[in-house]
Colleague: 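I have a structure I would like to understand better, so I am pasting it below and will then ask my questions one at a time.
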Amino acid sequence: MVRQFVLKRDPSAESISLSIDYRSELNAQQLRAVTFGRGAALVVAGAGTGKTRTLVYRVAYLVETGVPPEEIVLLTFTRRSAREMISRASALLDGRCQHVMGGTFHSFCLNILHKYGMSIGFPGNFTILDSADAADVIDLLRSEIRIQVNKKRFPRKRTLQAIISGVRNQGIPVLEYVENRYPQFLEYVEMISDLAAEYDRYKFNHGLMDYDDLLSQTLFLFEEHDNVRKSVAGRCRYVLVDEYQDTNRAQASIVRALASVNGNLMVVGDDAQSIYRFRGADFKNIMRFPEQFPDTVVLKLEQNYRSTQGILDLANHIITTARQKFEKHLFTDLKTGENPVLIRAPDTRSESRFVSQMILERRESGVELSDMAVLFRSGFNSYDLEIELNRCGIPFVKYGGLKLSEAAHIKDVLAHLKVVENPRDGVAWNRILLLIEGIGPQTARNIREWIDEQADNVASSQASSQADGQARTPFSIDEPRFSPGYVEKVRVLLDMLRSLHTNPNMSVTDQVETVLAYYEPLLHRIYYEDYPKRTQDLEHFATLAESFTDRAALLASLALDPIELTAIDIEPMKDDEPPLVLSTIHSAKGLEFNSVFLIQAMEGVLPSAYSVGDHDAEDEELRLLYVAVTRAARRLYISYPGVKYNRSAGQYFAKPSRFLVNIPEKLLESGSLVEQEQQLLQPARDELEVHRSETETT
DNA sequence: ACAAGCAGTTTTTTT
DNA sequence: AACTGCTTGT
C-alpha cells in the first residue's frame, strides 16, 4: 500500500462548513463512528442503538467533508435498506448523497461482472438464476443421473440445490457438508458431487449464473486480473458494510478486496443478530475482522433508543442463554411501559382472533396500524391470521413468504423474456415448452437439443461473416422434423419470440404485452381453477415492468430484488391508511414497531423442528427470537396455541417454545385467553361477518 | 414411448 | 401450493 500522510482538518473550519450539527444529534459513541477518519473500523451495534442512523449520518458526513459520493460504497443486506439509507442521507444533507453507490453484495457484483466480465470470457447477456431456477437446472441434470439410482430415495431438487450451494458457500467437501446436515443422504455423496460438477459445467456452457456465482466469479475476476481489482477498489474511497454478522466467506473476501487500495472500511454489525447461518453466513466474520485488519478501531453502540426497559430485560435474558456467550448488555432511559406477556391461546383460531382484537384496540388508542407488526418464524405461520384480518377489514402487507416473482405464472412469463435475452438458457426453454399442450419432458428435451444446435449455427454464421446478409435467429423452424401434434404450436411460440428478438427497439412494456397475449390462453388451460387471480397478478406485473428501460434490467432486478408482495395482496391501498405489517422474523430485521405480536412461539416452529439436535442451529433459533423481541418499542405480546391441528397427527398439544418456558414472571408475564360471554360477543361477530363479504377478494 | 391426470406427501428462513 | 409416484390413455 502507498504510504499515506494524513493532513489534519482545521477544526475552526469544520464548525463553519458543516451544515449538520452532529454533536447535538448524536450521542458520544455514535459521533465517534460518524466522524471516524481513515482506516478500518468495526462498529458493534446492539439492537435499537441507532445503527441505521449512524450509517446515514456517516454517509452525509463523508459527503459533506468532500468525499465524492460516487466513491462511497454502502453495502447492505437488501436493496430496500440501501435505498432507504441513501434517501435519508439525502434528506439530511442534499441530493449529492443520491450518487452514493449502494446496494446488496449481489447487485454490486453484477455491475462489476457486466463491466469487466467480458475479459474473463463471460458473455454480456448471461441470465441470473434465482434459487428456484437453480433447482430446476439441477432437476434437469438429476433426471439423467437418477436412472442409475432406481427406486431409492434420492434428495429432491430443492435439497440438492441447498447442498450444492452450501458446499460452495462454506468451501468444504460435499462429504463433510452432507455428514453434518443431511446424514440420511450419505450414500449419495458421490452422485451429489458429480451433479455439482455437471451443474457448474451446464451453467458455464449456457450463460447462466446463480447467486453464489455472482460473488465467486467476482472474486475470481479480481484474482485473475489484478488491474481490475485495483481499478474497482481504487474507486472505493470509503466502504461501509451493514449487517456484517450476516456475511459469508465470499462476501468477507469481497469486502477485503474492495478495501485493498484505500483501506477505509467500516463494518457495522451485531453478532447477537446473526440469523442467516443457513445461507452460509458466519458471524465469526465479525470476530475475525480485527485480525484481518490489524489497526481496526472497535467502536460500540450500547444505548438503546427503541425499547422500554422491560422489553430490553427480556431480550438480555434471552441472549444470555445462548450456548455461545455474547458480551452485550443493552440499556435505556425508557423506564415506563407494560411488561411483555406470553399468552397461551386455546387454538390457532383464537390466537388469530386475539391478535386482531388487540390490534384494533391499539389502533383505537392512537397507534398507527403501520406502527404495529405481527412476526412469525415461517411464511405460512400467518395463514390463519390473514383470514381473520380480512374478516375484520384490517389492511396489511406481508413481507417474506411467497414473492410475486416466485409465483408459477410470473415465472412462466419471465421465462419467455429470458429466452429472448439469452437463447442458451435451457431451463427457461424447458419451462416455456412444457406449457404447450402435447409437450412433456421428453419432447421438451428433444426440442431443446435442436435449439442448442440452432444457436450454435447462428453463432458460427455470425462468426464467419455476415455474407448471407440475413441475420439468423435461433427462433425459426427450417425443417419439418417434429410431429404434427405440436409443431404448429411451437411455430407460433417461435414466431412470437422472434418478433421480440429481431426488434431491439421494442419497449419493455410492448414486449411484456406480447408475451402476455401469447400466454393468456395457456394460463387459462393450465390454471383453469384459479386463473382470474393469476391474471390480476400478471396485470400488476405488467404495470411494474413499465418502469424499466430495458429487458435485461427488468430480469436482473426481478432476480435480485424480488417484489415482496404476496398473491394474497390487498387492493393496492384503496383507503389511505398505511397497512399493518406481517413479516417473517428474517424480513423484519432492522425494522422497529411500537407494538409487536410474535405468534406461533411454540416448539417445532420456533425453534424450528429442523434445528433441534444441532447446537449451532438451535442457537440461531434463539437469536431469531432475540431479533423478534428487539423489534418492539413499547408493547410486546408473544402468543402460541395450546392445541395445534396437523393433517397427519390430527389435533395435538402444543408446547410453548423452550426459550420461553423458564423465564421469570418478572420478565415475561403469562396470560391466558377467556372467551367472552355469548351475548356480548354475538353482535360484534355479526358486524365482522358483514366486513368479510366486503373485503374478501381471494 | 410419452403425456396427462390423480392421489398422497411435504412445506424454514433469503440474496 | 408444489412436488412425487402412480395409472391411464394416446
Side-chain angles (χ1 to χ4, degrees), chain A residues 75-82 103-110 128-132 134-136 139 142-143 146 151 153-159 161-162 165 169 209-215 243 246-248 250-251 274-281 375-381 383 399-403 405-409 411 434 436-446 483 485-486 525-530 533-534 556-562 564 566-568 583-589 600 604-611 617 620-621 623-624 627-628 646-648:
Chain A
L75 292 170
T76 58
F77 204 68
T78 62
R79 283 172 145 195
R80 191 153 46 109
S81 61
T104 61
F105 279 92
H106 293 89
S107 64
F108 189 78
C109 288
L110 176 66
I128 298 168
L129 303 170
D130 67 21
S131 44
D136 286 341
D139 199 39
R142 178 184 71 164
S143 52
R146 230 198 115 167
K151 283 192 179 177
R153 284 201 165 210
F154 200 67
R156 356 176 94 207
K157 61 179 183 177
R158 290 311 292 241
T159 313
Q161 190 268 330
S165 174
N169 272 317
M209 280 206 209
D210 63 20
Y211 288 143
D212 301 327
D213 291 326
L214 290 175
L215 304 178
E243 310 280 13
D246 281 322
T247 54
N248 63 24
Q251 288 166 326
S274 165
I275 52 175
Y276 282 92
R277 194 188 82 108
F278 69 93
R279 210 171 88 179
L375 306 182
F376 33 86
R377 173 69 235 263
S378 310
F380 60 83
N381 294 147
Y383 286 168
Y399 295 108
L402 260 183
K403 311 254 185 345
S405 53
E406 280 166 1
H409 45 294
K411 295 215 107 179
L434 288 175
I436 296 172
E437 197 169 15
I439 296 182
Q442 191 52 48
T443 310
R445 191 152 140 190
N446 295 339
S483 90
Y486 52 79
R525 180 177 60 81
I526 300 163
Y527 301 107
Y528 55 89
E529 279 178 315
D530 61 352
K533 195 174 95 195
R534 293 176 192 261
S557 179
L558 280 164
L560 293 179
D561 191 21
E564 302 210 52
T566 3
I568 327 148
S583 177
T584 57
I585 300 172
H586 284 91
S587 295
K589 198 165 76 153
Q600 302 277 315
V605 176
L606 182 67
S608 149
Y610 295 84
S611 69
E620 178 143 311
E621 299 288 313
R623 293 194 294 269
L624 217 36
V627 169
N646 179 318
R647 241 164 307 180
S648 57

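Lettering follows sequence order; numbering is per chain, from 1.
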Colleague: For B:dA3, does OP1 or OP2 lie under 4.0 Å from any side-chain N or O of A:T443?
Modeller: yes
Colleague: Select one nucleotide: of B:dT10, B:dT12, B:dT14, the one nearest the side-chain heavy atoms of A:R156.
Modeller: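 Looking only at side-chain atoms, A:R156 lies closest to B:dT10.
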Colleague: Is the NZ or CZ atom of A:R279 positioned over A:Y211's six-membered ring, under 6.0 angstrom from the centre and within 45° of the axis?
Modeller: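 No, cation not above the ring by the 6.0 Å, 45° rule.
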Colleague: Side-chain N or O of A:R142 less than 4.0 angstrom from OP1 or OP2 on C:dT4?
Modeller: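 The answer is yes; a side-chain N or O of A:R142 sits under 4.0 Å from OP1 or OP2.
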Colleague: Report the residues that fulfil salt bridge (charged side-chain N to carboxylate O under 4.0 Å, His left out) with A:R534, sequence neighbours left out, ordered by chain and then residue number.
Modeller: A:D530
Colleague: Measure CZ/A:F77 against P/B:dT14 and give the value in whole Å, please.
Modeller: 10 Å
Colleague: Send over the distance from A:Y383 OH to B:dT12 C1', rounded to a whole Å.
Modeller: 12 Å
Colleague: Under 3.5 Å, which protein N or O atoms sit close to an N or O of nucleotides 4-8 of chain B? Give each pair with its distance.
Modeller:
from: B:dA4; atom 1: OP1; to: A:G438; atom 2: N; distance (Å): 2.5

Colleague: Under 4.0 Å: is that the gap between some side-chain N or O of A:Y610 and OP1 or OP2 of B:dT11?
Modeller: yes
Colleague: How many whole angstroms separate atom NE2 of A:H409 from atom C1' of C:dA2?
Modeller: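 Nearest whole value for this atom pair: 14 Å.
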Colleague: Specify the separation, in whole Å, of atom CD of A:E620 and atom P of B:dT12.
Modeller: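 Distance check: A:E620 CD to B:dT12 P gives 15 Å.
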Colleague: Among the nucleotides B:dA3, C:dA2, B:dT13, which one has an atom lying closest to any side-chain atom of A:S378?
Modeller: B:dT13
Colleague: Of all residues at least two apart in sequence or in a different chain, which pass the salt bridge (charged side-chain N to carboxylate O under 4.0 Å, His left out) check with A:K411?
Modeller: A:D130, A:D133
Colleague: Could you work out, with side-chain hydrogen bond (donor to acceptor under 3.5 Å, both in side chains) as the rule, every residue matching A:D246, not counting sequence neighbours?
Modeller: A:K589
Colleague: Under the side-chain hydrogen bond (donor to acceptor under 3.5 Å, both in side chains) rule, collect the residues that match up with A:S583, sequence neighbours excluded.
Modeller: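 In terms of side-chain hydrogen bond (donor to acceptor under 3.5 Å, both in side chains), with neighbours along the sequence ignored, A:S583 is linked to no residue.
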Colleague: Looking at A:S107, does any N or O in its side chain come under 4.0 Å of the phosphate oxygens OP1/OP2 on B:dT15?
Modeller: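 A:S107 to B:dT15 OP1/OP2: no side-chain N or O under 4.0 Å.
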Colleague: Check for me: is A:F278 stacked on B:dT13 by the 5.5 Å centroid and 30° plane-angle rule?
Modeller: yes
Colleague: On DNA chain B, compare the nucleotides closest to A:P441 and A:Q161; which residue's is nearer the 5' end?
Modeller: A:P441
Colleague: Under the ring pair (Phe, Tyr, Trp, His ring centres under 6.0 Å) test against A:H586, which residue among A:Y276, A:Y399, A:F77, A:F376 passes?
Modeller: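 That would be A:Y276.
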Colleague: In whole angstroms, how far is the C1' atom of B:dT13 from the CD atom of A:E621?
Modeller: 8 Å
Colleague: Quick one: CD on A:E620 to CZ on A:R623, what's the gap to the nearest 0.5 Å?
Modeller: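 Taking CD in A:E620 and CZ in A:R623, the distance rounds to 5.0 Å.
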Colleague: Just to verify, what does A:S107 make a side-chain hydrogen bond (donor to acceptor under 3.5 Å, both in side chains) with, not counting sequence neighbours?
Modeller: A:T104
Colleague: Ignoring the backbone of A:Q442, work out which of B:dT10, B:dA3, B:dT15 is nearest its side chain.
Modeller: B:dA3
Colleague: I need the CG-P distance between A:D136 and C:dA2, as an integer number of Å.
Modeller: 12 Å
Colleague: Name the nucleic acid region contacted by A:S131, choosing base, sugar-phosphate or nothing; use a 4.0 angstrom heavy-atom cut-off, strictly under.
Modeller: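 The residue A:S131 makes base contact.
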Colleague: Let's see if you can work this out: which of C:dC3, B:dT12, B:dT14 has an atom nearest to the side-chain heavy atoms of A:T584?
Modeller: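 The closest nucleotide is B:dT14.
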Colleague: In this structure, how many angstroms lie between the C1' atom of B:dT12 and the CZ atom of A:R279, rounded?
Modeller: 14 Å
Colleague: At under 4.0 Å between heavy atoms, what does A:Y276 touch on the DNA or RNA strands: base, sugar-phosphate, or nothing?
Modeller: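 It contacts sugar-phosphate atoms only.
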Colleague: Starting at CD of A:Q251 and ending at P of B:dT14, how long is that distance when rounded to a whole Å?
Modeller: 16 Å
